[in-house]
Engineer: 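Just dropping this structure here.
Owing to the predicted nature of the structure, the values given are computational and were not obtained by experimental measurement. Values reported hereafter were calculated over all heavy atoms of this structure, with side chains retained and with hydrogens, waters and symmetry mates removed. Chain naming here is simple, since letters A, B, ... match the order of the sequence lines and numbering starts at 1 in each.
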2 protein chains.
Amino acid sequence: MATNKQVILRDYVSGFPKESDFEITTTTVELRLPEGSNSVLVKNLYLSCDPYMRSRMGKPSAFALAQAFTPGKPILGFGVSRVIESGHPGYKQGDLLWGIVGWEEYSVVTPEMHFKIHDTDVPLSYYTGLLGMPGMTAYAGFHEVCSPKKGETVYVSAASGAVGQLVGQFAKMMGCYVVGSAGSKEKVDLLKNKFGFDDAFNYKEEQDLSAALKRCFPKGIDIYFENVGGKMLDAVLLNMNMHGRIAVCGMISQYNLEDQEGVHNLTSIIYKRIRIQGFVVFDYFEKYSNFMEFVIPCIKEEKIAYVEDVAEGLEKGPEALVGLFYGKNVGKQVVVVARE
Amino acid sequence: MATNKQVILRDYVSGFPKESDFEITTTTVELRLPEGSNSVLVKNLYLSCDPYMRSRMGKPSAFALAQAFTPGKPILGFGVSRVIESGHPGYKQGDLLWGIVGWEEYSVVTPEMHFKIHDTDVPLSYYTGLLGMPGMTAYAGFHEVCSPKKGETVYVSAASGAVGQLVGQFAKMMGCYVVGSAGSKEKVDLLKNKFGFDDAFNYKEEQDLSAALKRCFPKGIDIYFENVGGKMLDAVLLNMNMHGRIAVCGMISQYNLEDQEGVHNLTSIIYKRIRIQGFVVFDYFEKYSNFMEFVIPCIKEEKIAYVEDVAEGLEKGPEALVGLFYGKNVGKQVVVVARE
């Protein structure tokens with residue numbers, strides 16, 4: 001028997017999530033699988049805070065991005081875990097996994113979309129970001145969706161976040177001119193000095209987003225990696241080049257609004273022949289091993305910089321998760337449940 | 001010497017165009033090219049009224065869809081013409097052409113994007129529509145941009161117009177389920193009974209466009225051929241299927257607005273993996289001969305129905321052109337300048 005601290009959703013969230021939408025409870029669990037189970041019992045080590053999780057906090061809806069969380073139960077998200085007991089032939093005690101788990105100390109999971117962690121001479125928490133879902137999102141979103149070519153101009157919004165910081169660096173590796181935006185001086189400094197973006201701006205300090213983009217891209221934008229939506233998308237549309245591509249990864253500025261902002265400049269897409277393509281990383285996980293072959297050497301050779309914002313302890317989880325929607329995190333937001 | 005009636009733009013248009021934005025003038029011209037000219041002197045027979053022409057009526061702007069018309073000069077558009085005199089080696093007296101000409105009885109043109117008309121056992125006016133720019137738009141837009149597959153569901157807005165009526169028929173030929181919308185009972189009847197759409201509705205009689213689409217597409221929309229924009233696009237986004245495609249041909253509902261309507265449901269494109277692709281027919285004219293090989297037999301075997309709305313006389317041109325933006329035309333709007 002063990003205590004199992006959990007982060008419980010109190011009720012469906014509307015508007016901006018608050019810490020009080022969650023509560024921390026402690027139950028006791030038997031650290032043993034039921035007889036005949038083919039599930040896996042894991043101890044959770046690191047949890048990932050991701051913007052898409054907002055779409056699971058609202059009431060169930062045909063229009064929601066993903067299946068709703070259940071009030072009264074722990075919320076779910078990507079995490080890194082150690083197998084304590086396995087009823088599944090593909091996993092054994094001691095294995096390290098990353099995939100969807102409960103926000104709790106111990107979870108029983110059906111390992112259908114869980115990846116085994118083989119490389120352990122990188123920080124394990126990286127499997128919530130650079131080496132996990134956000135890394136794969138950046139890699140597939142940029143290389144598969146944006147159709148990039150050397151010398152093109154690339155704009156990334158929410159550029160210091162888990163996905164944005166990587167998209168910018170992948171684009172630089174390809175020989176693109178890369179500009180990012182973020183919401184504080186500290187983040188803009190990171191973009192320029194740590195992640196090697198060619199230029200960056202603080203969108204909160206710009207009166208006119210279209211003018212800011214024109215200043216950074218006097219010859220226009222070939223590729224926009226969309227993480228925010230709303231007014232930013234409107235400004236981007238005015239600055240896109242002919243045959244430009246917009247990969248729509250997320251629209252974090254819209255997730256907490258009851259009524260989404262209108263985007264007004266869509267007629268631009270006609271004569272500019274713009275392609276706007278929504279995508280979801282789940283469609284690309286078959287390429288995860290290719291991604292690992294590419295990215296692990298980049299880390300070891302220090303060709304990629306990566307910044308995490310680490311909250312210590314599951315009880316800090318709600319604050320860290322809610323903070324995402326206020327842009328409080330600097331880099332990938334991780335919650336440490338246990339350091340082994 | 002001959003008289004040359006012309007349709008002149010009085011001044012840049014803002015808001016909905018009015019007949020009074022144009023005036024009919026008559027000048028005299030010498031029906032002879034200047035010495036050494038490599039242009040072509042033509043007699044105009046049929047003129048085409050197309051929604052994109054609105055974008056040429058406004059003030060010159062970096063954001064305009066096409067180069068602005070010049071106040072005090074005749075407006076320009078696609079037309080069918082007979083060569084009176086040619087200084088260009090590729091054309092000779094008596095040739096029939098279609099391409100951009102002035103809205104006037106006689107034009108001097110530089111034949112850079114003019115096509116020679118070889119098939120004359122179809123009505124010549126068809127080269128302003130089915131066999132001209134709108135036909136090629138429908139063909140390329142559907143086959144090249146929509147990536148259609150047999151059995152998919154296809155929605156066409158402004159479906160009785162020059163492009164829409166053809167898209168619907170091309171989609172039926174491919175084995176798709178096709179629904180169109182239009183703005184009157186007469187047009188809806190045409191869609192169902194003349195053009196062979198599986199279903200159709202009058203958008204002006206629907207309180208809730210999304211509900212209308214859900215009624216017509218209980219299993220969702222795979223392909224949307226976008227001609228109107230605004231509220232219709234918003235309703236469509238809610239009804240698109242996973243991996244749906246939206247080919248953006250035009251957004252006629254927005255062209256006369258000072259501030260374009262906001263489109264609110266763009267987050268749908270993320271989890272539904274929707275592709276929105278703007279396109280312009282000029283990029284596809286290299287395939288015009290393939291299109292003709294396909295479409296001429298269709299006409300002769302009566303596999304394609306085609307409806308024109310014919311205004312008789314250049315002096316009826318402004319009324320016909322302005323009428324497009326009020327949905328007055330039933331089918332392709334043509335202006336007859338001269339019947340030979």
Engineer: Considering only heavy atoms and a distance below 4.5 Å, find which of A:L233, A:N265, A:V263, A:I246 pairs most often with chain B.
Structural biologist: A:V263
Engineer: Side chain from CB out, backbone as N, CA, C, O: work out which of these in A:I274 comes under 4.5 Å of a heavy atom of chain B, or both, or neither.
Structural biologist: backbone
Engineer: If you compare all heavy atoms of B:Q260 against all heavy atoms of A:T267, which two are closest, and at what distance to 0.1 Å?
Structural biologist: NE2-OG1, 2.9 Å
Engineer: What part of B:L257 lies closer than 4.5 angstrom to a heavy atom of chain A: side chain, backbone, both or neither?
Structural biologist: neither
Engineer: Just checking A:D208: does its CG atom have more than 12 heavy atoms from other residues, nucleotides or ligands closer to it than 6.0 angstrom?
Structural biologist: yes
Engineer: Please flag which part of A:E261 lies under 4.5 Å from any non-hydrogen atom of chain B: side chain, backbone, both or neither.
Structural biologist: backbone
Engineer: Considering only heavy atoms and a distance below 4.5 Å, find which of A:G278, A:G229, A:A247, A:G250 pairs most often with chain B.
Structural biologist: A:G278
Engineer: What's the shortest heavy-atom distance between A:Y271 and B:V280, and which atoms?
Structural biologist: CA-CG2, 3.7 Å
Engineer: So, do A:D283 and B:M242 sit near enough that their side-chain heavy atoms are less than 4.5 Å apart?
Structural biologist: no
Engineer: Does the side chain of B:I270 reach to within under 4.5 Å of the side chain of A:M251, using non-hydrogen atoms?
Structural biologist: yes
Engineer: What is the minimum heavy-atom distance between B:R273 and A:Q277, and which atoms define it?
Structural biologist: O-NE2, 3.3 Å
